[in-house]
Structures are given as C-alpha cells and as structure tokens.
> 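Supplied in structure tokens, the structure appears directly below.
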There are 2 protein chains.
Amino acid sequence: MSGAPATIKDIARLLGISVSTVSRALKDHPDISADTKEKVNETARRLNYRPNALALGLKSSKSNTIGVIIPEIVHFFFSSVISGIEDAAYETGYNVMVCQTNEMYERETMVAKALLDHRVDGVLVSVAKTSTKFDHLTLLQDNGIPLVFFDRVCAFIETDAVVVDDYKGAYMASEHLISVGCRNIVHLSAPENLLIGKLRKVGYCRALEDNNLQVDPYNIYLCDTSEKVEEKIGRILDRHPRPDGFFAVNDSTAIAVIQHIKKAGLKVPEDIAVVGFGDGPVATICSPTLTTIEQNGYEIGYEAMRFLLDRINKGITAIVARKKVFAPVLVKRESTARRFENR
Amino acid sequence: MSGAPATIKDIARLLGISVSTVSRALKDHPDISADTKEKVNETARRLNYRPNALALGLKSSKSNTIGVIIPEIVHFFFSSVISGIEDAAYETGYNVMVCQTNEMYERETMVAKALLDHRVDGVLVSVAKTSTKFDHLTLLQDNGIPLVFFDRVCAFIETDAVVVDDYKGAYMASEHLISVGCRNIVHLSAPENLLIGKLRKVGYCRALEDNNLQVDPYNIYLCDTSEKVEEKIGRILDRHPRPDGFFAVNDSTAIAVIQHIKKAGLKVPEDIAVVGFGDGPVATICSPTLTTIEQNGYEIGYEAMRFLLDRINKGITAIVARKKVFAPVLVKRESTARRFENR
DNA sequence: AAAATTACTGCAAACGTTTGCGGTTTCGTT
DNA sequence: AACGAAACCGCAAACGTTTGCAGTAATTTT
C-alpha cells in the first residue's frame, strides 16, 4: 500500500508488454491498438500511475518549475505577488519554488544556485536590499535560464521587469502633501542601491522643486522599517521647525510614524500629515486611515509570470528587454484629510 | 555564454578522462589522484559546473524538495508559516514548492498530484475549507510520501500535526470576555468541517457553560471573513438584547466587527467587547487595539518542517502520529479593556 | 501464391549521475 | 627478474521516460 510510486515498467511487466508500448499507449499514439490502450490505461489507473517529472525533466531539459526569489514572504505586498505568480503558474501547469532571502545577499546567491541545480525553466526575482553584486543572477542567464524582475529591479542586468512607477508614485504622494498645505516634508527612504529607494526619493525631490520648495537633505532619512522609526522618530519630531508632513517609502513605516506622532500628543493630519506607499490592508485599519499609493502585488506577480512564460517559450535571447510599468494610484484617506491652508 | 548548463560529461571530454573519474574526483573519492582531482575541480569551476538535481533525484529517488499545500498565501498567519518552513528548509538543504489552493478542493487535489509527479520528499498541508474528501492526501502517503499537517488538520488521516490549542485558545478568549462582564457573547465561527472551526466553537461553548451562562445557538454565526461580517453584522447588532461581546474566529473578522460597531455609533469596549484569534500585526494597528489569541505561524511552520524531516529520514511508517500543540496566549489589549461589571 | 501493405510492438539509445567491478599501470619487494 | 600490491581509472548498468528504427504478424493487393 505504501511503497514506491508505480512506473511505466510496472505496467509493462504486469501486462507482459514493453515499456515503449506502454509509453505510447498512455500518449494515445496511433501505432497502438485500441485494445492495448484500454488495458494500459486501466492498469495505470489501478496503480495510480503518475509520470515521474524528474525523468521527464531529465529527458527534455524542462522541469516545468519556475523559481521565485523574494526578500520576505511575510509582507502583504510580496505575498500578494507570490499569489499572483502561483495563480498564473497553476493555469499554465507550472510549479513554483519559492525562496526567501531575508534580505541577505549571501542567501540570495545560495538560492540562485539551488534553482540552477534544479534546472528551473525560469526565475522571477526581486533583489535583496543588501545585494550589490549580481553574478549569481547572470550565472542563471548564462545557463540559459530566463530571468524577470519584479518590483526590486537590478539595473545592471538586461531583462524584463514589472514594476509600479515608483518615481511617479512618489511624486504624486509628495505633491499631495504639498497640496494639503505641508511645507516642511520629511521623506523616510529606502537604501539607494535599491532602484525603488532611489526613484521614490527622486520623485519626492522633484515634486518639491516643481512646487518651489527647497529640498533639505536633512529632511531625508534612511528609514524603511518600523524598528528604524522607533530609533529616529524622536529626533525628527524634536526639530525646529517641526516637520508638517511625512512621505514614507512604505505603509508599515508610515503607520509606525503615525503611532509615534499620536503618542507625542500631536494630531494626524492636523499637525502632521502622513502618506505611505503600498496600500496594504493596514492602510484602512489604522487610525487615522492612511493615505497611500496603491501597488497591486497580485497583478505584478501575474504579469511577471506572463513575461517569463514568453521568454521560456520563445527562447531566452529572442526578446529584447521589456518593461511593464503599472501606473500608481493615490488613495486619499484620513491621514492627509485636512483643509487646504494657503499661506 | 548562454547555453545549456555544463555536465560531468563536458568536463570528462575536455580532460580526456571518463565520466566516472570526474564524478569520483568531484566527490573527493580516495581512488582518484590528487592531480586529477585538481584538474577536474579547476575545470568544473571554470565551466560553472553544477550537478543536475533532476538526474540525482532520478537516481536516488530523492528530490530534496518538499511541497507545501496552503489555502491562501496572502494572509499573515499562513505567510508566517511559509516563512518558518522556508527557513527550516534552507538550513537543511531542501527546496520548497508552494502550492496555493485558494480554499478550493479541486485545486487541492490537482496540486497534490503535481507534487506527487515531482516526487517531493514530503508534504506539509493545511487543508482547504471546502475539502471533505481526502483521497488525494492518502494517495501521497500510499506512494511513500510523508505528510505533516499544520493548523488545519484532517482528522481522518493518521499522521503528525502541528497546531495551536484551538480549544483552549477559544476557551480563554471567551472566559476573558466573561471576566470583563460580558453576558451575551456572540461567536463568529468557521465551518465545522474544519477542525479549528469545531474546536474553537466547543471552547467557546464550554467556557460559557463553566461560567453558568446559557449557550444560545442563535449567538453562533458562520462568519469567518470580513465580507461575511458586512453581510450579517446589521442583523446581529439589531437584536434585543444587543450582544455585549464578540469572539471572532480570526483577527480580520474581529476587526471588521469593530469597524462596524464604531460605524453604528457604539463604543468598543464600553458597549461591546471584542476578541479575535491570531494576533497578526493588524491587532496593534487597529483602534481600539485588539485583544486576541497569539498564534505563532513561524514557529508552527518551523516545527512542522522538523517533523517532516524526521519522517523523511526515518521512513514514513517508522513513527507513530505525533502532535505538537502550542499553548495559546491571550494578549489583552484595548478592545476588552473595561472595568469589571459585576452584576 | 507471392508481394506489398497495414497494424502493431519491441530494441536500444539518450538525458546526467553514481557505483560495483574489473582492468592497467607503476612501484616496491624479494 | 619476477611477483604482489597499491594506486588509478574506465565499463556498464541503473534510475524512468521518450522515440527513431526495425521487426513481425496479419491482411490486402496483384
């Protein structure tokens, strides 16, 4: 009852015919008589025969598996991406190997190699914060494994990418803060080696400049987690003049800021307005609800998978690098809901 | 540059030696001279040689891959579980295939077969809400693939399981509501075919009985998502006498309830106290913050993976079914923070 | 009745690895 | 000078599958 899975050989032995006949019968090959096919199929069913994907993969150099390299799974945006990838993969008969890097470069290189070992047909990757070298990714490409980036793109590698328009999103967020009267806006940013960190910062700067506000370098903090907010928020709120707006690089940072502002006895949005990035479920749960930039992880994952399938089917080199850029949407909520204060 | 991965044959051909020698050299076999080993290793490095896991798997009937069947990835608890599994797998050199069922029985059967096809070394599963037949899971066992359940256990299959003590958690939650003076407590429950749904309901009932409160069947609603809350909350709040406490089967349901109570002009916890289950990050972000039962997904995933590794190493039948039950912890927050009202 | 067709089926190689066994060298002993 | 033993190395089979080719039997054509 509980043994090794049945093979084509087992069927052949049981029926006293050759494995090639069994193989052809199972694939409904015209060479095989209806009678034999019937018998083979019946026996296959009875033994719960299932073709060995490793053998198939070895023979065809196709594993029907794709890899996903992702910084953190426990994260609304990233888990949404995986969900989109999963659904797209399921529809097309692919399996998904998920590898979490926990933002560590070393682990990223390890999992890239593991995916190569497994001869995955393609890899979707969002790079870790700490990754500055990318040999492990070009290694995949050099071995004929197509790559598609999502969200965290690596600028040094020429391939497809699926992202939201980080620059524009940041610009909209910052301009919205200006439009509700903020004049001293702090930006809590992600590291610059991440393209999203850089682009969102540039969007912030540009929005200020276009609205005749000075970009004060002291208003830009490297601060992209709630832990770092904990560390730095005290100093920031004590500054004179006190900032009147925050644009945080992601929602959880923004919410941490809101909580600390409230704890300090100040009011959001009256004293300080806050905007996040991502529009996760927390944005509607916190109080006040959070104005933020929508970023549809599911769609991003789904589209990235479509790109990858294209590359798998057409050959890795057949396509020039494409880019799918989702337009960001500003979702206005309570954390910026105040009357315009003209000066 | 961008071709098929190098094989042991390529190395053999390049060096004019046999594949067996190369294979042994790479494994540092004593039969092979230091000189040859040196040359082989150098060439392997130069060609970026990586052993083909499919070939290894075929030969050894071990894929070094485990499968995870999970209802929904975009879910704090489940993604935490995956994260724990991932980390434990990474430490032990396993890869993880993640399959999302979206709570659909049909999809669960499909992914189970796909995992069987890939000859995964074991499977971790949390069953879908709609699953009432489990042939697809016994199929795995019958093929020698060990199974371990986490959270959503299937009572009809004899194998290891890792869960929190749902009964006790529900008991604690309900008793806590009673202790802050609630006398008319509604339970929003999950379907009974889910063991967690059943156990949490029983815990609720028992807590009431033990405290000399009648269990009113009308106080138990099948309602385990925020959408269902939307549907049913109006009728519930209109009842006379109005409920003064809610014990929801999970946090997102609890928070949806809180939001609707507030919208109805009532106060939490003064008019109605609310307890959830899960202790996700939302519990500290919502307002009032949510009293809830802690459920450490990461630990559950990690431990489930340990169980599975045990079974993989010792053989599927060598172990009697074990159960790891995490003790639930009641985390008291604002949603039940009110003075005790003795009658 | 012989030849040609049709309808089936089997052999063997290949995918990339591992490994038991046997085969050559090369030495050191006597 | 001859022998045994190290020290190296290669052959071939096996894992489960597919597939070109060749083979055999039955049926049709001439």
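Letters A, B, ... are given to chains in the order of the sequence lines, protein chains preceding strands, and every chain is numbered from 1.
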> Classify the ring geometry between A:His75 and A:Phe77 as parallel (under 30°), tilted (30 to 60°) or perpendicular (over 60°).
perpendicular
> Do NZ/NE/NH1/NH2 and the carboxylate oxygens of B:Lys129 and B:Glu72 come within less than 4.0 Å?
no
> Using a 4.0 Å heavy-atom cut-off, does B:Arg119 contact any base of the nucleic acid, only the sugar-phosphate backbone, or nothing at all?
nothing
> May I ask you to decide if the ring planes of B:Phe134 and B:Phe156 are parallel, tilted or perpendicular, using 30° and 60° as cut-offs?
tilted
> Could you tell me the boundaries of the chain B footprint on DNA chain D, defined by atoms under 4.0 Å from its heavy atoms?
D:dC8 to D:dG16
> Taking side chain to side chain contact (heavy atoms under 4.5 Å, CB included) as the test, write out the residues that go with A:Val19, two or more places apart.
A:Ile8, A:Lys9, A:Ala12
> Below 4.0 angstrom, which residues in residues 11-24 of chain B have at least one non-hydrogen atom near DNA chain D?
B:Ile17, B:Ser18, B:Ser20, B:Thr21, B:Arg24
> Base, sugar-phosphate, or nothing for A:Ser61, non-hydrogen atoms under 4.0 angstrom?
nothing
> Have a look at B:Ser60 and say if it touches a base, only the backbone sugar-phosphate, or nothing, with a 4.0 Å heavy-atom cut-off.
nothing
> NE2 of A:His29 versus P of C:dT9: gap in Å, rounded?
12 Å
> Salt-bridged, B:Asp160 to B:Arg306, with N to O below 4.0 Å?
no
> Below 4.0 angstrom, N of the basic side chain to O of the carboxylate: do B:Lys113 and B:Asp117 qualify?
no
> Give B:Asp31 one of three labels, base, sugar-phosphate or nothing, depending on what nucleic acid heavy atoms sit under 4.0 Å from its own.
base
> Would you check, one step at a time, whether the test salt bridge (charged side-chain N to carboxylate O under 4.0 Å, His left out) holds for B:Arg152 with B:Glu103?
CA-CA 11 Å; B:Arg152 307 253 200 100; B:Glu103 302 281 12; 2.8 Å; yes
> Taking the nucleotide of DNA chain D with the closest heavy atom to each, which residue, A:Lys27 or A:Lys9, is nearer the 5' end?
A:Lys9
> For B:Gly57, does its backbone N or O pair with a side-chain atom of B:Ser63 as donor and acceptor, under 3.5 Å?
no
> Both A:Tyr49 and B:Lys37 contact DNA chain D. Which one's nearest nucleotide lies toward the 5' end?
B:Lys37
